[in-house]
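Each remark here refers to the structure printed beneath this line.
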Amino acid sequence: MFKSLSTSLIARGILAVIIGIIALAWPSATVLALVILFAVYAFIAAGLQAARAFSSRTAGPVIGHLLLGLVDLAAGVIALAWPGPTALVLVLIVGVWAITAGLVEFSAAFLRGEPAGARVMFILGGLATIAFGVVLCARPGIGAITLALLFALFNLIAGTWMLVQGIELRRTGKTLQPAHSPHREKNPA
């Protein structure tokens, strides 16, 4: 059990580090890859909406699911036809999400019963998230590259962590293996 889990962690860590290095070296290509992933997601969503439409017994949901499927299909085609504007729109969506999340986090600081330390952390975290969202919305072109670089940094950190955890788990498994080995000799007493 330890070996398969540790191998999985090590493989995922290596893959994440490689993706992080590629994203760091080519942030523009990373943004394009994220747009393509969005298009693939939109195409899959369109297919699922079509499947849901034809699995319904009544006409009302059929039309609604087909319309949603057409919107998803159009979003995928637009993303592939105009990747630059699509990337900017995705950055604006992330920016608005960050502003909203920051406002919620900031307001959570003023809930009753929060200790002073947690309150300060909510305020600081909320302000940082709001600032990040404002920067993304103010400069979406630079924001797209920034998101690609943050994606790279995340993968490098997460990949390194997975590698370390996989190696440690493998060491732990080797240490525990002799103690629980079913082939140990029995005491002839």
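Small disclaimer: the values here were computed from a predicted structure and weren't measured. Along the sequence shown, residues carry numbers from 1. Note that these values count all heavy atoms, side chains included, but never hydrogens, waters or copies made by symmetry.
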Tell me, with the steps shown, if Arg170 and Ile10 meet side-chain contact (heavy atoms from CB on, under 4.5 Å).
CA-CA 10 Å; Arg170 185 161 287 177; Ile10 290 170; 4.2 Å; yes

Show, in sequence, the C-alpha distance, side-chain angles and deciding distance for Val17 and Leu163, and conclude whether the side-chain contact (heavy atoms from CB on, under 4.5 Å) test is met.
CA-CA 9 Å; Val17 168; Leu163 277 169; 4.2 Å; yes

What do the steps show when you test Ile19 against Phe151 for side-chain contact (heavy atoms from CB on, under 4.5 Å), and what is the final call?
CA-CA 9 Å; Ile19 289 172; Phe151 177 75; 3.8 Å; yes

Please determine whether side-chain contact (heavy atoms from CB on, under 4.5 Å) holds for the pair Leu67 and Val71, giving the CA-CA distance in whole Å, both sets of side-chain angles, and the decisive distance to 0.1 Å.
CA-CA 6 Å; Leu67 287 175; Val71 169; 5.7 Å; no

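Leu149 and Ile21 fall within a single hydrophobic cluster, where Ile, Leu, Val, Met, Phe, Trp and Tyr are joined by side-chain heavy atoms under 4.5 Å apart, directly or via other members. Leu127 and Phe110 end up in the same hydrophobic cluster when Ile, Leu, Val, Met, Phe, Trp and Tyr side chains are linked at under 4.5 Å. Hydrophobic clustering (ILVMFWY, side-chain heavy atoms < 4.5 Å, transitive): Leu24 and Leu150 are in distinct clusters.
Remark: Arg139 pairs with no residue by the salt bridge (Lys or Arg N to Asp or Glu O under 4.0 Å) rule, at least two apart or across chains.
Rounding to the nearest 0.5 Å gives a distance of 11.5 Å between CG of Leu73 and CG of Leu66. With rounding to the nearest 0.5 Å, the separation of CG in Leu5 from CD in Gln165 is 10.0 Å. Rounding to the nearest 0.5 Å gives a distance of 11.0 Å between CD1 of Ile18 and CG of Leu156. With rounding to the nearest 0.5 angstrom, the CZ atom of Phe132 is 5.0 Å from the CG atom of Leu147. Annotation: the span from Leu153 atom CG to Thr146 atom OG1 amounts to 12.0 Å, rounded to 0.5 Å.
Of all heavy-atom pairs between Val35 and Thr86, the closest is CG1-CG2, 3.9 Å. The shortest non-hydrogen separation linking Leu136 to Val94 is CD1-CG1, 3.7 Å. The minimum heavy-atom distance linking Leu169 with Ser6 is given by the pair CD2-N, 3.8 Å. Considering all non-hydrogen atoms of both residues, Ala79 and Ala39 come closest at CB-CB, 3.9 Å. The two residues Asp72 and Gln49 make their nearest non-hydrogen contact at OD2-CG, 3.7 Å. Closest approach of Thr129 to Ala98, counting heavy atoms only: CG2-O, 3.1 Å.
Side-chain N or O atoms of Ser8 include none that pairs as donor or acceptor with a backbone N or O of Ser4 at under 3.5 Å.
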